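Predicted model, so just to flag it, every value in this text is computed and none were measured. All ligand and atom numbering here is 1-based and tracks the order in the structure. The residues of the chain are indexed from 1 along the displayed sequence. Just so it is clear, the values below take in all heavy atoms, side chains as well, and ignore hydrogens, waters and symmetry mates.
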Amino acid sequence: MSEFVYPQALDIRPLHHPAKLTLRVPGSKSITNRALILAALSGDCAVTNALRSEDTEVMVDSLQKLRYLVETDWPVNRISVKSTADSLKKDAELFIGNSGTSMRFLTALCSLGQGRFRLDGIARMRERPIQDLLDCLKQLNVDAVSETQSGCPPVLLNARGLKGGHAKLNAELSSQFVSALLMVLPFAQGDSILELEGEIVSEPYIQMTVAMLQQNGIQIDTSTSGRFGIPGNQKLNCQVIDVEPDASSASYFFAAAAITGGTVRVEGLNEQSLQGDIKFADALAEMGCQVEKDPAGITVTGGKLHGIDIDMNAISDTVMTLAVVACYADKETEIRNVEHIRHKETDRIEAIGNELRRAGVEVEIWKEGLTIYPVEKFRATRFNTYNDHRMAMSLALLGLRSPGMRIKNPGCVAKTYPGFWQDFEKLYTE
Ligand SMILES: O=C(O)C1=C[C@@H](OP(=O)(O)O)[C@@H](O)[C@H](O)C1
Ligand SMILES: C=C(OP(=O)(O)O)C(=O)O
C-alpha cells in the first residue's frame, strides 16, 4: 500500500475527553472478496465501494493471474471484473499473503477451471487449516492436496472442471470452507448437495454468502438446517455489487466510545447489514452502553461498563476489541466458544491474553475462550501485535485511557484497514 507509510512503533496518546466522532469506515473485506469472486463468475460485473487493503489486493492480483480482466479505479473504490476466453484455463501460481478468505475462496474457484494451480502464502498462512475444504473437494472428484501434507497451504490443484455431487464438509474450524463451496457449486455441471458436519463456526458469514448469491439470482435450497441443495449450471445475474462499510472495522470506534464514555456514530451500517459483526454493538449494549440503530448508521454512547458472560462464536473477529473494553468494566468478562480464533492471523486467544497480562490485567486463558478481570491501573506496555491487524487496532484502544501504551508494527493494519491510524487520529481532533 504505497499511500500509507507506517512507523516501526506508534505511541498512543491518552484521550483527555470523551470521544465524539462521526465517521464512515472503509468497505467490508468479507463482502469485497465475495463480490470479486461473484463478479468473476458472472463474467462482467463491477464492485463499488470496494475495500482497498492487502486482503483485497491479493484477491485482485490472483484473479488477474487467473486471466480475468480486472481494472481498479481506487480513487473511487470501484473494481470491474470481466472474464476472458482464458479465464481459469491456464496454469497459475497464486501468492495469497495471509488472507484466509482469498485462500479458501480461490481454492474453490480454481476447482472450476482446467489446469494446474498452486496457492501459497506467508509463513502463518502455511499454518492455517484447509484440509477440510480439500477433503470435501475430493468427494467431488477434484484433485486438490496440501503440498506438504500438513493440512495447510500450499495447495496444489490439478483441475479438470467441477461436476457437482453429494459431499460432506466439516465446518468446525472455519466457515470460509462452506462459503467457498457455496460460491462455486452453482456453476458445476450438475446439481449438488452439501452437508455440514461438526459444530458450525462463524455462521453469519455463511448467511452472508447465501444472501449475496440469492441477491444476484442464484438458487440455493436452505430449507434443511446444515444442508444445502444447489442446482448446477446456473448463471449469475449482476452488473454491480455494492459493498457496505466494514462492521469489524467499526468495532474499534464503537469501543472507543465505550471506553471513554463518549459517542461515536458509524454511517452506512444498519440492522439490514449482511455482516454479523454489527452485533458487536449489542454486546456493548449488554455491557451498559446506549446503542441506537437507524437506517443511516449506528451510534454508540458509553456508560458505566459491566462485565458480561458472552458466547462470541458468531462475532469472533471482535473478541479482542471486547477483551479490551472488558478491562474497564466493573467485574470480570467471560468470552466463550471461540476456539476457532486460535487459527487466525495468530492464535488470538493466547495473543490477547498474553498482551493484556503484560499490561497488568489478570486474564484466565482456556481452550475455547478467556476471562478478563479489570484492574484499576495499567502498566505502560510496548504491545506485540503478532502481525495481526486486529491485535494492533484493539490494543490501541487501551492507550486511549492509560498512558505509555505503544503499538509495535502498526503497519499490520494494512491487511484490512490501511488508513486506520488516520481515522483513529480523528478521535483527538474532532
Ligand atoms: O467468510 C468470511 O468473510 C470470514 C469468516 C470468518 O472466518 P472463520 O469462518 O474462519 O471464523 C472471519 O473470521 C473472517 O475474518 C472473514
Ligand atoms: C480472520 C481474519 O481474516 P482471514 O481469515 O480472512 O485471513 C480477520 O480479518 O480477522
(message) Side chain or backbone, does K344 bring an N or O within less than 3.5 Å of an N or O on ligand 1?
(response) yes
(message) Suppose we measure from atom 10 (O) of ligand 2 to each protein heavy atom; which comes out shortest, and what is that distance?
(response) R390 NE, 2.6 Å
(message) Under a 4.0 angstrom heavy-atom cut-off, which atoms of ligand 2 come close to H389?
(response) 8 (C), 9 (O), 10 (O)
(message) Pairs of nitrogen or oxygen atoms closer than 3.5 Å, one from R390 and one from ligand 1: do any exist?
(response) no
(message) List ligand 2 atoms under 4.0 Å from N98, heavy atoms only on the residue side.
(response) 7 (O)
(request) Output the list of atoms in ligand 2 that are nearer than 4.0 Å to some heavy atom of R128, sorted by atom number. (result) 4 (P), 5 (O), 7 (O)
(message) Between R382 and D11, does any side-chain N to carboxylate O distance fall below 4.0 Å?
(response) no
(message) Looking at R13 and E425, is there a salt bridge between them, counting it only when a charged N and a carboxylate O are closer than 4.0 Å?
(response) yes
(message) Minimum distance, heavy atoms only, to atom 7 (O) of ligand 2: which one of S102, S174, G100 is it?
(response) G100
(request) Number the atoms of ligand 2 from 1 as they appear, then name those within less than 4.0 Å of a heavy atom of R348, with their elements. (result) 1 (C), 8 (C), 10 (O)
(message) So if I count the atoms of ligand 2 from 1 in the order they appear, which ones are less than 4.0 Å from some heavy atom of K415?
(response) 3 (O), 4 (P), 7 (O)
(message) Are F424 and Y417 an aromatic pair, judged by ring center distance below 6.0 Å?
(response) no
(request) Give yes if a backbone or side-chain nitrogen or oxygen of K344 is under 3.5 Å from a nitrogen or oxygen of ligand 2, and no if not. (result) no
(request) Look at K138 together with D135 and state whether they make a salt bridge at an N to O cut-off of under 4.0 Å. (result) no
(request) Could you tell me if the ring centre of F420 sits under 6.0 Å from that of Y6? (result) no
(message) Under 4.0 Å between a side-chain nitrogen and a carboxylate oxygen: does that hold for D277 and K279?
(response) no
(request) Please say whether Q176 places an N or O atom under 3.5 Å from an N or O atom belonging to ligand 2. (result) yes
(request) State whether the shortest distance between N or O atoms of K29 and N or O atoms of ligand 1 falls below 3.5 angstrom. (result) yes
(message) Salt bridge or not between E267 and R24? Use side-chain N to carboxylate O under 4.0 Å.
(response) no
(request) Considering only NZ, NE, NH1 and NH2 on the basic side and carboxylate oxygens on the acidic side, decide whether E57 and R52 come within less than 4.0 Å. (result) yes
(message) So for ligand 1, is T101 a polar contact partner (N or O within less than 3.5 Å, distance only)?
(response) no
(request) Please write down residue, atom name and distance for the protein heavy atom closest to atom 8 (C) of ligand 2. (result) E345 OE2, 3.2 Å
(message) Need the ligand 2 atom indices (1-based, order shown) with element for anything under 4.0 Å from a heavy-atom of K29.
(response) 2 (C), 3 (O), 4 (P), 6 (O), 8 (C), 9 (O)
(message) Is there a polar contact between ligand 1 and R34, counting only N or O atoms under 3.5 Å apart?
(response) yes
(request) Could you list which atoms of ligand 2 come closer than 4.0 Å to a heavy atom of S99? (result) 7 (O)
(request) Please indicate whether any nitrogen or oxygen in D317 is less than 3.5 Å from any nitrogen or oxygen in ligand 1. (result) yes
(request) Report yes or no: do E332 and T371 form a side-chain donor-acceptor pair below 3.5 Å? (result) no
